[in-house]
Amino acid sequence: MKKFYYECTHVCKQSGARAGLLHTPHGTVETPMFMPVGTLATVKFLSPEEVKAAGAGVILANTYHLWLRPGEDVVALAGGVQQFMNYQGPMLTDSGGFQVFSLADRRKIQEEGVTFKSHLDGSKLFMSPEISIQVQNKLGADIIMSFDECIPYPATYEYAKQSMERTLRWARRGLDAHQRKEDQALFGIVQGGEYQDLRERCAKELAAMDFPGYSIGGTSVGEDKATMQKMIEDSVRFLPFEKPRYLMGVGAVNDMLEAIERGIDMMDCVLPTRIARHGTCMTSQGRINIKKKEYETDFSSLDPLCDCECCRHYTRAYLRHLHRCNEGLASRLLSIHNIRFLTRLAEDARRAIRQDRFLDFKKEVLSRSGFDERGF
RNA sequence: GGAGAGGUAGCGAAGUGGCUAAACGCGGUUGACUGUAACUCAAUUCCUUCGGGUUCGGCAGUUCGAAUCUGCCCCUCUCCA
């Protein structure tokens with residue numbers, strides 16, 4: 001069994017951004033990278049082959065959702081999540097900590113763990129740091145997450161502090177419960193809301209626990225761009241250089257570039273796939289909503305600078321038609337395109353870092369795409 | 001030829017005297033979406049110079065007031081000859 005470790009290969013002299021390699025039991029991937037989200041062990045509408053062809057190195061799945069359906073034992077029986085979904089590359093599972101945020105109106109937090117009211121049948125479910133790790137041990141992804149609380153923004157200092165301290169205790173408990181340390185890398189998650197001293201304390205205490213990697217959580221929950229960037233800075237500064245850094249839930253173009261500049265190695269986001277299903281595409285010229293009437297007879301490709309399956313073979317007019325007719329092919333092609341757009345952004349970023357010109361690169365991308373507050 | 005049912009906004013369809021420029025659905029247009037309860041959600045959809053104007057097959061009535069009541073006309077569908 002190959003060991004998990006991160007290897008920094010270059011630090012950009014212009015920006016401090018770093019490029020590297022992430023070695024996992026299911027293969028080595030280059031960083032910084034973008035990871036598409038496949039919550040239910042599927043990136044919606046895409047086969048694993050298509051996700052891979054779009055340039056993705058790692059696919060995410062979700063502990064809470066797979067725990068409910070089909071259940072971790074079914075996945076374990078299949079031989080693990082990769083076997084189950086026929087994907088040979090590296091995978092990562094989120095712990096269920098995000099559901100503490102996204103399903104806030106149907107859960108109760110206590111020291112021991114979180115009681116959820118199932119979104120499927122209303123039944124009462126209990127998730128603890130230990131259960132989350134046990135489930136993730138059975139799911140078998142290469143990278144797994146500590147069970148945390150992703151807090152909303154804004155949150156009071158007092159709440160952010162209490163929650164962060166509890167997340168630290170949960171991280172310790174998760175580490176102690178982890179049964180597959182040899183082949184599954186458990187990441188600790190930095191919380192602390194927007195508060196500098198809380199981020200610092202959390203990052204330092206997690207670093208002392210010596211995780212194989214660290215995540216930054218609690219971002220992209222409604223805060224403004226400058227606040228997000230500060231949250232990242234306040235966290236990254238105290239993380240060990242030799243370990244990978246994963247910024248959770250970020251996938252808008254400018255957010256990704258700002259994060260990479262601050263030393264982030266990995267990012268994931270539902271944004272490219274969700275907005276693709278809703279008809280929005282990320283392009284080198286900025287954001288395009290394929291539903292718009294102006295594309296009715298536009299027989300050009302979605303993004304002339306893109307090399308994805310969608311852009312190589314199909315026109316805007318056809319994609320608009322497919323989307324208006326609610327054809328699944330529209331969701332599939334646009335998802336392929338948006339994922340490819342972000343994996344290519346990461347590729348280009350890596351090259352710019354190696355050439356010590358990341359700041360120039362960032363500027364080029366943002367001016368070309370007519371970047372605005374939304375980040376496209 | 002006879003009997004019955006019906007004609008409401010782009011389409012389907014409520015409404016049977018004032019609270020109705022007219023529910024609701026579809027279609028159309030425009031937005032939103034950041035560790036996925038999301039092929040979802042929101043806004044808008046007669047015209048307007050934003051004061052108002054013109055609507056519920058057509059025309060003529062009743063009434064303070066009509067998509068709603070009356071008369072005639074036009075059209076559609078079903079059944080029987």
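So that the names make sense, note that chain A is the first sequence line, chain B the second, and so on, each numbered from 1.
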Please state whether the rings of A:H119 and A:H65 are parallel, tilted or perpendicular, taking 30° and 60° as the class boundaries.
perpendicular
Do the rings of A:Y195 and A:Y157 sit parallel, tilted or perpendicular, given the 30° and 60° boundaries?
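The rings of A:Y195 and A:Y157 stand perpendicular, inter-plane angle above 60°.
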Given [options], the nucleotide with the shortest approach to the side chain of [X]:
{"X": "A:H65", "options": "B:rG35, B:rA37, B:rU34", "value": "B:rA37"}
{"X": "A:R106", "options": "B:rC39, B:rA37, B:rU34", "value": "B:rA37"}
{"X": "A:T273", "options": "B:rC33, B:rA37, B:rU36", "value": "B:rU36"}
{"X": "A:A252", "options": "B:rG35, B:rU36, B:rU34", "value": "B:rU34"}
{"X": "A:K292", "options": "B:rG35, B:rG31, B:rA37", "value": "B:rG31"}
{"X": "A:F98", "options": "B:rG35, B:rU34, B:rC39", "value": "B:rG35"}

Quick one: look up who [N] pairs with, Watson-Crick or G-U, both distances under 3.5 Å, and put none if it's unpaired.
{"N": "B:rC41", "value": "B:rG31"}
{"N": "B:rG71", "value": "B:rC59"}
{"N": "B:rC79", "value": "B:rG2"}
{"N": "B:rU36", "value": "none"}
{"N": "B:rC24", "value": "B:rG12"}
{"N": "B:rU49", "value": "none"}
{"N": "B:rC64", "value": "B:rG18"}

[X] has an atom [atom1]; how far is it from atom [atom2] of [N], in whole Å?
{"X": "A:H323", "N": "B:rG27", "atom1": "NE2", "atom2": "P", "result": "13 Å"}
{"X": "A:R274", "N": "B:rA32", "atom1": "CZ", "atom2": "P", "result": "15 Å"}
{"X": "A:N326", "N": "B:rA38", "atom1": "CG", "atom2": "P", "result": "16 Å"}
{"X": "A:M231", "N": "B:rG35", "atom1": "CE", "atom2": "C1'", "result": "14 Å"}
{"X": "A:I232", "N": "B:rU34", "atom1": "CD1", "atom2": "P", "result": "16 Å"}
{"X": "A:M35", "N": "B:rU36", "atom1": "CE", "atom2": "P", "result": "11 Å"}
{"X": "A:E149", "N": "B:rG35", "atom1": "CD", "atom2": "C1'", "result": "14 Å"}
{"X": "A:M282", "N": "B:rU34", "atom1": "CE", "atom2": "P", "result": "11 Å"}

Quick one: the side chain of A:N289 and the base of B:rG31, do they pair up donor-acceptor inside 3.5 Å?
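No.
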Side-chain donor/acceptor contact of A:R324 with base of B:rU29 under 3.5 Å:
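Not at all, since no donor on one side and acceptor on the other fall under 3.5 Å apart.
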Do A:D121 and A:S123 have a side chain donor and acceptor closer than 3.5 Å?
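Per modelled atom types, A:D121 and A:S123 side chains form a pair under 3.5 Å.
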Can you find a heavy atom in the side chain of A:P70 that is under 4.5 Å from one in the side chain of A:V75?
yes
When you compare [N] with [M], how far apart are their [atom1] atoms, in angstrom units rounded to a whole number?
{"N": "B:rG35", "M": "B:rG31", "atom1": "P", "value": "23 Å"}
{"N": "B:rA3", "M": "B:rG53", "atom1": "C1'", "value": "44 Å"}
{"N": "B:rC19", "M": "B:rU68", "atom1": "P", "value": "14 Å"}
{"N": "B:rG58", "M": "B:rC75", "atom1": "P", "value": "15 Å"}
{"N": "B:rC11", "M": "B:rC56", "atom1": "C1'", "value": "16 Å"}

According to a strict under-4.0 Å criterion, is [X] in side-chain N/O contact with OP1 or OP2 of [N]?
{"X": "A:R320", "N": "B:rU29", "value": "yes"}
{"X": "A:Q99", "N": "B:rG35", "value": "no"}
{"X": "A:N62", "N": "B:rU36", "value": "yes"}
{"X": "A:S220", "N": "B:rU34", "value": "no"}
{"X": "A:R287", "N": "B:rG31", "value": "no"}

Assign [X] to base, sugar-phosphate, or nothing according to its heavy-atom contacts below 4.0 angstrom with the strands shown.
{"X": "A:G218", "answer": "base"}
{"X": "A:S102", "answer": "sugar-phosphate"}
{"X": "A:E294", "answer": "nothing"}
{"X": "A:T280", "answer": "base"}
{"X": "A:I189", "answer": "base"}

Of A:L60 and A:S331, the one whose nearest nucleotide on RNA chain B sits closer to the 5' end is A:L60
Closer than 3.5 angstrom, by distance alone: can the side chain of [X] be matched with the main-chain N or O of [Y] as a donor-acceptor pair?
{"X": "A:E309", "Y": "A:I336", "result": "no"}
{"X": "A:R107", "Y": "A:T115", "result": "no"}
{"X": "A:R320", "Y": "A:K291", "result": "yes"}

For A:Q88, side-chain contact (heavy atoms from CB on, under 4.5 Å) partners two or more places apart
A:K52, A:N86
Identify whether a stacking contact exists between A:H278 and B:rU40, where the ring centres must be under 5.5 Å apart and the planes under 30° apart.
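Stacked: ring centres under 5.5 Å, planes under 30°.
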